[in-house]
Amino acid sequence: MSDGVAREAMEFDVVVVGAGPSGLAAAIRIKQLSPDVTVCVVEKGGEVGAHILSGAVIEPRALDELLPDWRDDAPPLTTKAATDAFFFLTKTRAIRLPTPPQMRNHGNYVGSLGNVARWLGKRAEALGVEIYPGFAASEFLEEGGRVVGVATGDMGVRRDGEPGPNFQRGMELRATYTLFAEGCRGSLTKRLIERFGLRDGRGPQTYGLGLKELWEIPKAGHKVGLIEHTMGWPGDRQTYAGSFLYHWGENFVSYGFVVGLDYTNPWLSPFEEAQRLKTHPHVRKHFEGGRRIAYGARALVEGGFQAIPKLTFPGGCLVGDTAGFLNVPKIKGTHAAMKSGMLAAEAVAEALAGARPAEPASYEDRFRASWLCEELRGARNIRPGFARFGMWGGFVHAAIDTVLLRGKAPWTLSHPHADHEGMRTAAAATPIDYPKPDGKLTFDRNASVFVSNTNHEEDQPSHLRLRDPARAIAINWDQFRSPETRYCPAGVYEIVGADAGAPRLQINAQNCVHCKTCDIKDPTQNIDWVTPEGGGGPNYPGGM
Ligand SMILES: Cc1cc2nc3c(=O)[nH]c(=O)nc-3n(C[C@H](O)[C@H](O)[C@H](O)COP(=O)(O)OP(=O)(O)OC[C@H]3O[C@@H](n4cnc5c(N)ncnc54)[C@H](O)[C@@H]3O)c2cc1C
Ligand code: SF4
């Protein structure tokens with residue numbers, strides 16, 4: 001909607017979409033290399049870090065390269081990784097297994113990625129980067145087959161699409177090069193991939209959904225630097241899932257559960273799996289006497305090396321999770337996101353200083369020559385191994401691939417299919433009976449969304465669009481009993497009227513925590529997540 005008002009435009013050398021670790025590392029690197037280049041970063045969260053959700057155990061390799069003095073300047077990471085432990089859970093027992101090599105964290109730090117992003121934002125601004133939080137890039141601008149920037153969404157549009165009393169036209173942010181750093185399943189990236197065929201000849205991207213809670217616990221039970229991972233109960237043997245528990249700071253515990261979105265049982269509820277996992281005797285002891293202070297959820301990329309798309313297109317490139325840079329067996333993407341941002345920045349700085357070619361094409365070569373490429377190539381077979389051989393077969397395959405072959409297997413396993421494919425019908429799968437929450441250790445979705453501080457202006461068009469509204473009942477309900485009502489970690493999707501024989505899908509878009517799962521997992525790809533009005537969404541506090 002435009003109301004006939006032309007958009008104002010601002011010109012930069014470089015525009016970066018997304019103030020996460022990849023976008024901010026890119027912005028900082030460009031200014032380090034070319035101080036006179038103008039760089040603008042646009043961020044949909046109300047402040048830098050508001051939409052960032054991560055474990056997080058962070059490998060400092062890229063940060064050391066980008067800002068070697070980071071430990072001297074009020075560092076955002078102070079808890080050093082101390083103890084690693086890896087458990088296989090049965091319903092009542094926890095069996096300690098050797099920690100897989102990729103999950104050993106000596107030299108890494110535990111903390112909050114949101115805090116890291118806030119700190120990086122300040123460093124970027126000190127170098128002259130202009131950061132605009134509270135503005136969502138809602139479309140990319142294309143002229144003559146080349147991306148020439150982005151436009152931020154109009155503000156103050158009413159639910160019926162008409163301008164409201166506070167209507168404000170979006171801005172055009174025009175640039176020679178635009179870097180898309182939107183994180184996992186970026187909404188503009190999705191369109192760019194389609195428009196420029198960036199996935200041609202590449203395997204499908206696959207994803208996981210991560211749910212996270214931040215707890216404050218009594219100091220007596222706090223073991224600073226403890227890093228625990230579990231697999232097994234309550235999951236079945238075909239579903240790739242596991243939990244993390246990180247003790248950090250004075251008395252924080254970050255708890256999270258990640259499930260591969262290639263799961264096939266439409267009755268599965270990742271949210272409720274995460275809740276019941278906390279009731280396991282080995283896990284619940286971490287929360288004794290504690291208080292949950294925050295909750296959030298976010299998808300993460302799991303496709304690995306073989307799912308990375310073409311990285312450049314005329315006028316720009318993709319960096320970080322939106323391009324698929326995450327090391328799945330390590331469950332770490334921050335160092336990869338930052339390094340990819342830095343490599344893209346080096347290519348862009350070189351292009352700006354030279355003949356300004358349409359594509360900053362040396363980014364792809366720089367990636368192929370980097371430690372990041374070597375690392376991701378070495379880890380490429382582990383996740384598809386679990387998809388192909390199930391949990392135990394996946395473990396055996398991972399051990400052979402890592403310990404015997406050291407990531408140099410002469411084969412590359414492909415992902416069997418995209419995550420939205422392969423879901424069984426509701427009738428063909430076994431329903432799962434989840435226990436009721438107790439409000440102390442386990443919670444319902446509403447109470448959880450409350451502590452994510454999620455807020456959207458209610459009188460705006462829904463940012464969750466159904467390509468064909470009829471399919472919500474004709475396919476999703478009739479065949480799968482509406483799996484979106486279970487996989488959405490924020491209770492956005494509800495079926496009403498089923499008791500009266502007239503089921504209808506109700507979308508409570510204001511609760512959306514921007515995890516992107518519905519955009520990924522809907523069986524017919526009927527749900528399209530587009531950016532809501534800037535500033536809307538979760539407001540994760542420092543610590544998440
Ligand atoms: C539960 C969970 C646990 C994890 N644990 C770890 C861990 O322990 N260690 C680790 O290293 N990694 C971990 N990761 C992965 C890590 O969080 C990501 O790899 C990392 O955040 C990727 O950085 P990024 O900059 O690419 O994207 P993000 O951090 O997702 O940042 C993207 C930013 O872009 C903004 N944005 C998106 N679209 C737009 C738009 N159109 N307009 C404006 N702004 C936009 C977003 O609001 C966000 O601020 C975990 C991830 C999850 C979900
Ligand atoms: S509506 Fe979609 S993007 Fe929003 S929280 Fe639910 S699954 Fe995630």
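All residue numbers in this chain count up from 1 along the given sequence. Keep in mind the model is a prediction, meaning the values are calculated, not measured. Counting convention: from 1, in listed order, for ligands and their atoms alike.
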For atom 6 (Fe) of ligand 2, decide whether Cys515 has an N, O or S atom at a distance under 2.8 Å.
-> no
Using non-hydrogen atoms of the residue, decide whether Gly256 is closer than 4.0 angstrom to ligand 1.
-> no
From the options Thr189, Val57, Asp321, Val116, select the one whose nearest heavy atom is closest to atom 26 (O) of ligand 1.
-> Asp321
Arg486 and Tyr434: side-chain donor and acceptor closer than 3.5 Å?
-> no
Tell me: protein heavy atom nearest atom 53 (C) of ligand 1, and distance?
-> Arg298 O, 3.4 Å
Considering distance alone, does some N or O of His335 sit under 3.5 Å from an N or O of ligand 1?
-> no
Can an N or O of Ser54 be found at a distance shorter than 3.5 Å from an N or O of ligand 1?
-> yes
Within the 4.0 Å heavy-atom cut-off, what Ala336 brings close to ligand 1 is neither
Is ligand 1 under 4.0 Å from a heavy atom in the side chain of Glu43, in the backbone, in both, or in neither?
-> both
Closer than 4.0 angstrom: is that true for some heavy atom of Gly186 and an atom of ligand 1?
-> no
Check: Thr99 main-chain N/O paired with Arg104 side-chain donor or acceptor under 3.5 Å | yes
Which atoms of ligand 2 have any heavy atom of Trp529 under 4.0 Å away?
-> 3 (S)
Note: heavy atom closest to atom 15 (C) of ligand 1, options Ile227, Leu326, Val301, belongs to Leu326
Under a 4.0 Å N-O cut-off, is there an ion pair linking Arg185 with Asp321?
-> no
